[in-house]
J.: 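Okay, here's the structure, questions in a sec.
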Amino acid sequence: MKIIKDIKEIQNLTENLRKEGKSIGFVPTMGYLHEGHLSLVRESIKENSITFVSIFVNPTQFGPAEDFSSYPRDLERDRDLLENEGVDYLFYPTSKTMYPSGYSTFVNVNLLDETLCGRRREGHFRGVVTVVLKLFNIVQPHSTYFGQKDAQQALIIRQMIEDLNLNIRFRVLPIIREKDGLAMSSRNRYLTADEREQAVALYKSLKKAEELFERGERRSLKIKQEILKILYSHDLLKIDYVEIVDLAKLRPLNIIKDKALVAVAVYLGKARLIDNTILGGNNEDLCS
Ligand code: AMP
């Protein structure tokens with residue numbers, strides 16, 4: 001696997017690969033890789049002749065009080081993992097390369113960023129959309145792979161691809177979990193042993209929501225109450241939000257007609273954890 005830091009070098013490379021008729025798959029990440037990331041990588045390798053991964057902890061998507069500087073980083077470990085999977089190229093730019101002095105363009109997807117995490121993390125999705133569009137312009141992939149773990153992010157990127165007429169196939173893959181159900185996340189590393197034990201409450205609460213839905217419950221309030229009951233019974237958790245929204249616009253639903261996204265965010269010690277489930281649907285509902 002070749003590690004490339006220079007933007008022009010990648011652009012020349014992908015231009016040649018395209019001329020040779022190669023299909024290019026791309027998995028953007030912030031590194032500190034786990035099985036969730038690797039599931040995206042494996043799908044890209046399966047579907048394309050060449051796979052690019054990027055590792056970039058993007059400063060513009062972190063708020064001033066968030067964990068940009070402490071976000072876990074381990075390039076050597078990540079490189080070994082990616083090499084082992086058979087990734088062809090790793091794009092590993094510096095902040096200066098991505099945002100040289102004088103940088104002044106930002107892209108915003110309106111409305112979809114006004115709920116859930118967008119409401120709590122001001123400017124977060126503006127940073128995400130901007131960096132993802134830049135990465136797409138650099139790597140020029142045919143297909144790109146994201147995780148349902150960040151469902152709102154997936155819907156926002158899909159909207160950006162559609163609105164800006166990008167010729168990129170957008171895939172969203174299922175949430176990969178630890179044995180006890182905790183969704184894998186680079187931020188799980190922040191958890192103490194006690195917090196780690198309580199972190200499984202998110203998954204349990206979402207399982208409960210699925211169970212209720214399967215038994216015919218369609219009232220969001222009822223489902224929310226049961227989720228909150230489970231979360232409140234864990235004293236280390238601080239609830240950020242529990243929302244049940246539609247999959248098109250992420251607007252709160254009182255009654256679930258066919259499908260709904262149940263999204264949960266909590267603080268647990270130093271970590272802010274998110275998780276979700278799609279009632280009546282699955283990850284395919286987030287793909288383009
Ligand atoms: P990140 O490095 O956190 O920015 O994540 C990079 C990509 O991996 C995003 O598309 C995430 O949605 C995806 N991802 C993160 N955690 C998981 C997980 N547990 N299962 C599946 N995909 C994930």
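Remember, it's 1-based here, ligands and their atoms both numbered in the order they're listed.
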J.: Does any N/O atom on M184 come nearer than 3.5 Å to any N/O atom on ligand 1?
T.: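 Yes, there is a polar N/O contact under 3.5 Å.
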J.: If you measure from each non-hydrogen atom of S185 to ligand 1, which part falls under 4.0 Å: side chain, backbone, both or neither?
T.: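 Neither; nothing of S185 gets under 4.0 Å from ligand 1.
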J.: Less than 6.0 angstrom from the centroid, inside 45 degrees of the normal: does K134 satisfy that with respect to the ring of Y99?
T.: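 Checked: cation-pi criterion met.
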J.: I'd like to know if E43 pairs up with K46 as an ion pair, taking the criterion as any Lys NZ or Arg NE/NH1/NH2 lying under 4.0 Å from an Asp or Glu carboxylate oxygen.
T.: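 Salt bridge flag = yes for K46 with E43.
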J.: Does ligand 1 have any atom sitting under 4.0 Å from a heavy atom of L173?
T.: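 Per 4.0 Å heavy-atom rule, L173 does not contact ligand 1.
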J.: Distance to 0.1 Å, residue and atom name: give those for the protein heavy atom nearest to atom 22 (N) of ligand 1.
T.: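 Residue, atom and distance for the closest contact: G147 CA, 3.5 Å.
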J.: What is the closest protein heavy atom to atom 20 (N) of ligand 1, and at what distance does it sit?
T.: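 Going by distance alone, atom 20 (N) of ligand 1 is nearest to I176 N, 2.9 Å.
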J.: Do the charged groups of R177 and D275 touch, with an N to O distance under 4.0 Å?
T.: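 Answer for the salt bridge query: yes.
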J.: Within the 4.0 Å heavy-atom shell around L40, which atoms of ligand 1 are there?
T.: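 By the 4.0 Å cutoff, the relevant atoms are 7 (C), 8 (O), 10 (O), 13 (C).
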J.: Any heavy atom of H34 closer to ligand 1 than 4.0 angstrom?
T.: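 Under 4.0 Å: yes for H34.
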J.: How far is atom 5 (O) of ligand 1 from the closest protein heavy atom, and which atom is that?
T.: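 For this ligand atom, the closest protein heavy atom is H37 NE2, 3.4 Å.
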J.: If you count the atoms of ligand 1 from 1 in the order shown, which ones are under 4.0 Å from a heavy atom of F146?
T.: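 Listed by number with element: 10 (O).
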J.: Under 4.0 Å from any heavy atom of T29, which atoms of ligand 1 are there?
T.: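 In order of numbering, the contacting atoms are 2 (O), 6 (C).
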J.: With no hydrogens and no angle check, just 3.5 Å: does a side-chain donor-acceptor pair link Q198 and D235?
T.: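 Per modelled atom types, Q198 and D235 side chains form a pair under 3.5 Å.
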J.: Identify, for atom 4 (O) of ligand 1, the protein heavy atom at the shortest distance, and state residue, atom and that distance.
T.: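 Heavy-atom neighbour on the protein nearest atom 4 (O) of ligand 1: M30 CG, 3.5 Å.
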J.: Does a salt bridge link K270 with E195, judged by any charged N lying under 4.0 Å from a carboxylate O?
T.: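 No salt bridge links K270 with E195.
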J.: Does A154 have a non-hydrogen atom less than 4.0 Å from ligand 1?
T.: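 A154: no contact with ligand 1 (<4.0 Å).
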J.: Can you confirm whether more than 12 heavy atoms, excluding those of R119, are under 6.0 Å from its CZ atom?
T.: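 Not more than 12 within 6.0 Å, no.
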J.: Considering non-hydrogen atoms of the protein only, which is the closest contact for atom 23 (C) of ligand 1, and what is the distance?
T.: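 I find the closest protein heavy atom is K149 CB, 3.9 Å.
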J.: If you take the centroid of each ring, where Trp contributes its six-membered ring, are F56 and Y92 closer together than 6.0 Å?
T.: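 Between F56 and Y92, which both carry aromatic rings, the centre distance is not below 6.0 Å.
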J.: Identify whether NZ of Lys or CZ of Arg in R169 sits under 6.0 Å from the centre of the six-membered ring of F146 and within 45° of that ring's axis.
T.: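 The answer is no; the distance or angle limit is not met.
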J.: Which atoms of ligand 1 sit under 4.0 Å from any heavy atom of D150?
T.: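 Answer for ligand 1: 11 (C), 12 (O).
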J.: Centres of the Y89 and F52 rings: under 6.0 Å?
T.: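 So the answer is yes for these two rings.
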J.: Would you say that more than 12 heavy atoms from the other residues, nucleotides or ligands in this model lie under 6.0 Å from the CZ of F106, or not?
T.: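 For F106, atom CZ is crowded (more than 12 foreign heavy atoms under 6.0 Å).
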J.: Find all atoms of ligand 1 within a distance of less than 4.0 Å from any non-hydrogen atom belonging to P174, and give their numbers and elements.
T.: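 Going through ligand 1 atom by atom, the ones under 4.0 Å from P174 are 20 (N), 21 (C).
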J.: Could you list which atoms of ligand 1 come closer than 4.0 Å to a heavy atom of P28?
T.: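 Every atom of ligand 1 under 4.0 Å from some heavy atom of P28: 6 (C), 7 (C).
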